[in-house]
2 protein chains.
Amino acid sequence: MFELTPIIYVVDDDASVCKSLKRLITSMDFHVETFISAQEFLRFDRSDRPCCLILDIRMPGISGLALQEELTVANCTIPIIFITGHGDISMSVRAMKKGAVDFLTKPYDDQDLLDAIHKAIEQDISTRQEQSEISEIQKRVDSLTSRECEVFALVVTGMLNKQIAYTFKISEKTVKVHRARAMQKMHAKSLAHLVRMADKVGIEK
Amino acid sequence: MFELTPIIYVVDDDASVCKSLKRLITSMDFHVETFISAQEFLRFDRSDRPCCLILDIRMPGISGLALQEELTVANCTIPIIFITGHGDISMSVRAMKKGAVDFLTKPYDDQDLLDAIHKAIEQDISTRQEQSEISEIQKRVDSLTSRECEVFALVVTGMLNKQIAYTFKISEKTVKVHRARAMQKMHAKSLAHLVRMADKVGIEK
DNA sequence: CAAAAGATTGGACTAAAGTCTTATCTTTGT
DNA sequence: ACAAAGATAAGACTTTAGTCCAATCTTTTG
């Protein structure tokens with residue numbers, strides 16, 4: 001599913017830095033796409049494949065930290081590796097608290113960067129895997145009618161059909177119908193499977 | 001269960017820093033215990049209540065980062081807030097990667113420290129809650145006989161009694177006996193509950 | 001308005017799981 | 001050696017859940 005070559009996005013206002021990073025990273029089995037501003041990166045239509053972001057902190061326009069913040073609120077989970085020439089501790093701590101994979105200072109060791117890239121890509125792959133599983137399950141939940149969903153929600157709490165029936169003031173017969181439909185639509189192989197899917201997406205209502 | 005007043009451990013080789021931190025933190029509703037070396041802290045018999053650790057990076061003997069490492073391998077999850085006068089970015093990043101709650105540089109803002117303490121205590125409370133739940137469940141798993149545990153493991157995969165019976169080459173009757181015992185010993189109110197407990201502790205064998 | 005979708009329920013079973021009781025046969029610790 | 005613990009299993013039911021088939025009744029929507 002994600003067998004594509006990972007792509008590394010580099011955002012640095014210094015074109016020569018972009019160029020040398022591109023050379024270094026391409027020598028591994030990665031694709032590289034460089035941008036000289038956060039704005040340019042945001043405009044870019046990122047394809048759906050494993051990736052990570054190498055980001056300069058200090059840039060005219062949107063700074064690295066600001067871009068990180070922007071991506072966070074946009075629900076984008078792309079792993080970020082910061083690189084900076086003139087950072088301070090407070091910056092690095094802020095970046096790490098917000099989930100950055102690493103924060104390197106120039107001059108950095110090439111191996112440290114490559115290690116960080118590998119870690120970031122691994123993280124991205126597993127995050128994507130997780131997200132795609134969740135969205136698949138959510139799609140199934142969305143296909144349930146409201147009643148089916150209500151019954152589903154109580155079934156996974158461990159309630160008996162008769163208890164669910166009493167709760168909704170309907171017959172046990174009807175509960176069985178909704179329950180069977182829910183099992184079908186959720187593609188649940190067993191009750192255990194249904195429970196795990198419910199916990200994964202967090203059934204509310 | 002954890003309604004006790006949280007205790008803040010302060011480890012700093014500068015006794016005057018310990019003293020002023022103690023004054024500041026005591027003014028909140030926290031107890032404080034100070035140590036002038038990592039060794040002294042390690043010898044201290046910590047009581048079982050919400051706590052966190054405020055740690056100086058640079059200390060003679062065991063450094064702050066070394067103590068963090070030591071606690072990690074000892075499986076101690078006490079949240080750590082680092083304070084340093086002469087730290088660098090690399091140190092702060094290493095500390096944050098290993099899960100530090102915050103990394104403050106002197107002179108720091110008192111409010112920042114208090115915020116970090118609150119966050120650390122919250123984290124400790126929820127970690128303890130989680131750990132005590134898990135160990136309670138693990139205790140129940142440990143009370144299962146080996147056969148009960150094997151049957152339990154397959155039950156929570158969603159297998160039918162007859163399938164489990166075939167797997168172990170025993171009768172469905174016997175599976176029912178082990179299954180019923182497992183439900184009892186695990187205090188499972190339902191299959192859904194059993195599945196969740198299994199996932200929480202991660203049934204291996 | 002008419003068709004489609006959804007909610008409801010009954011009948012008639014089948015299958016799966018749980019509840020008792022009773023009873024071997026081993027293994028294990030003292 | 002002997003009691004205790006654990007694994008095995010059968011008989012006899014009861015309770016739950018699942019399966020088809022059929023049939024209202026309401027709401028939504030083209």
Side-chain angles (χ1 to χ4, degrees), chain A residues 136-205, chain B residues 136-205:
Chain A
E136 170 59 31
I137 294 170
Q138 189 57 55
K139 219 170 67 191
R140 295 177 195 168
V141 172
D142 293 343
S143 79
L144 298 178
T145 66
S146 59
R147 202 48 143 176
E148 282 160 5
C149 197
E150 289 173 331
V151 170
F152 169 42
L154 295 198
V155 165
V156 298
T157 68
M159 279 172 77
L160 300 180
N161 286 344
K162 61 162 63 170
Q163 296 173 312
I164 298 171
Y166 181 78
T167 302
F168 293 137
K169 307 296 178 203
I170 58 180
S171 81
E172 190 180 334
K173 202 72 218 186
T174 309
V175 172
K176 286 187 182 183
V177 173
H178 293 312
R179 179 177 185 147
R181 278 246 160 67
M183 289 288 284
Q184 268 185 19
K185 290 184 177 178
M186 294 300 297
H187 302 161
K189 301 187 304 294
S190 63
L191 178 58
H193 186 200
L194 192 74
V195 168
R196 292 197 174 93
M197 287 193 282
D199 287 356
K200 208 153 210 171
V201 300
I203 297 305
E204 308 307 303
K205 209 224 73 79
Chain B
E136 170 59 30
I137 295 170
Q138 189 57 54
K139 218 169 67 190
R140 295 175 195 170
V141 171
D142 293 343
S143 79
L144 298 178
T145 66
S146 60
R147 202 48 145 178
E148 282 161 4
C149 196
E150 288 173 331
V151 170
F152 169 42
L154 295 197
V155 165
V156 298
T157 68
M159 279 172 77
L160 300 179
N161 286 344
K162 59 163 65 171
Q163 296 175 313
I164 298 170
Y166 181 79
T167 302
F168 294 136
K169 307 296 178 203
I170 58 180
S171 82
E172 191 181 335
K173 205 73 218 184
T174 309
V175 172
K176 286 188 184 183
V177 173
H178 293 310
R179 179 176 185 148
R181 276 243 162 67
M183 288 289 284
Q184 267 186 19
K185 290 184 177 179
M186 294 300 296
H187 303 161
K189 299 187 306 292
S190 63
L191 178 58
H193 186 198
L194 191 74
V195 169
R196 291 196 174 94
M197 287 193 282
D199 286 356
K200 209 152 209 173
V201 300
I203 296 304
E204 307 307 301
K205 188 225 87 64

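All values below were derived from every heavy atom in this structure, side-chain atoms included, with hydrogens, water molecules and symmetry-related copies excluded. Order of the sequence lines sets the chain letters (A, B, ...), proteins ahead of strands, with each chain counted from 1.
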Hey, could you give me the [atom1]/[atom2] distance between [X] and [Y], rounded to the nearest 0.5 Å?
{"X": "B/E150", "Y": "B/E148", "atom1": "CD", "atom2": "CD", "result": "10.5 Å"}
{"X": "A/R179", "Y": "A/L191", "atom1": "CZ", "atom2": "CG", "result": "6.0 Å"}
{"X": "B/Q163", "Y": "B/E172", "atom1": "CD", "atom2": "CD", "result": "10.0 Å"}
{"X": "A/N161", "Y": "A/K176", "atom1": "CG", "atom2": "NZ", "result": "6.5 Å"}

In this structure, how many angstroms lie between the [atom2] atom of [N] and the [atom1] atom of [X], rounded?
{"X": "B/R181", "N": "D/dG6", "atom1": "CZ", "atom2": "C1'", "result": "9 Å"}
{"X": "A/K189", "N": "D/dG18", "atom1": "NZ", "atom2": "C1'", "result": "18 Å"}
{"X": "B/R179", "N": "C/dG18", "atom1": "CZ", "atom2": "C1'", "result": "9 Å"}
{"X": "B/L144", "N": "D/dA7", "atom1": "CG", "atom2": "C1'", "result": "14 Å"}
{"X": "A/L160", "N": "D/dT14", "atom1": "CG", "atom2": "P", "result": "18 Å"}
{"X": "B/K176", "N": "C/dT21", "atom1": "NZ", "atom2": "C1'", "result": "15 Å"}
{"X": "B/N161", "N": "C/dA17", "atom1": "CG", "atom2": "P", "result": "4 Å"}
{"X": "B/E172", "N": "D/dA9", "atom1": "CD", "atom2": "C1'", "result": "12 Å"}

Given [options], identify the nucleotide with an atom nearest to the side chain of [X].
{"X": "A/K173", "options": "D/dC20, C/dA7, D/dA10", "result": "D/dC20"}
{"X": "A/I170", "options": "C/dT19, D/dT8, C/dT8", "result": "C/dT8"}
{"X": "B/A180", "options": "D/dT16, C/dT19, D/dA7", "result": "C/dT19"}

Under 4.0 Å between a side-chain N or O of B/H178 and OP1 or OP2 of D/dG6?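 No, B/H178 has no side-chain N/O under 4.0 Å of OP1/OP2 on D/dG6.
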Check this one for me: any side-chain N or O of B/T174 less than 4.0 Å away from OP1 or OP2 of D/dG6?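 It does not, given that no N or O in the side chain of B/T174 lies less than 4.0 Å from OP1 or OP2 of D/dG6.
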Counting C-beta onward and ignoring hydrogens, is there a side-chain heavy-atom pair between A/F152 and A/K185 closer than 4.5 Å? no
Give B/S171 one of three labels, base, sugar-phosphate or nothing, depending on what nucleic acid heavy atoms sit under 4.0 Å from its own.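 If one applies the 4.0 Å heavy-atom cut-off, B/S171 turns out to touch the sugar-phosphate alone, with no base involved.
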So what does B/T145 touch, heavy atoms closer than 4.0 Å: a base, only the sugar-phosphate, or nothing?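 Sugar-phosphate: the residue B/T145, judged by heavy atoms under 4.0 Å, touches backbone atoms but no base.
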Taking for each residue the nucleotide of DNA chain D with the nearest heavy atom, is it B/K185 or A/G158 whose nucleotide lies nearer the 5' end?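 Result: B/K185.
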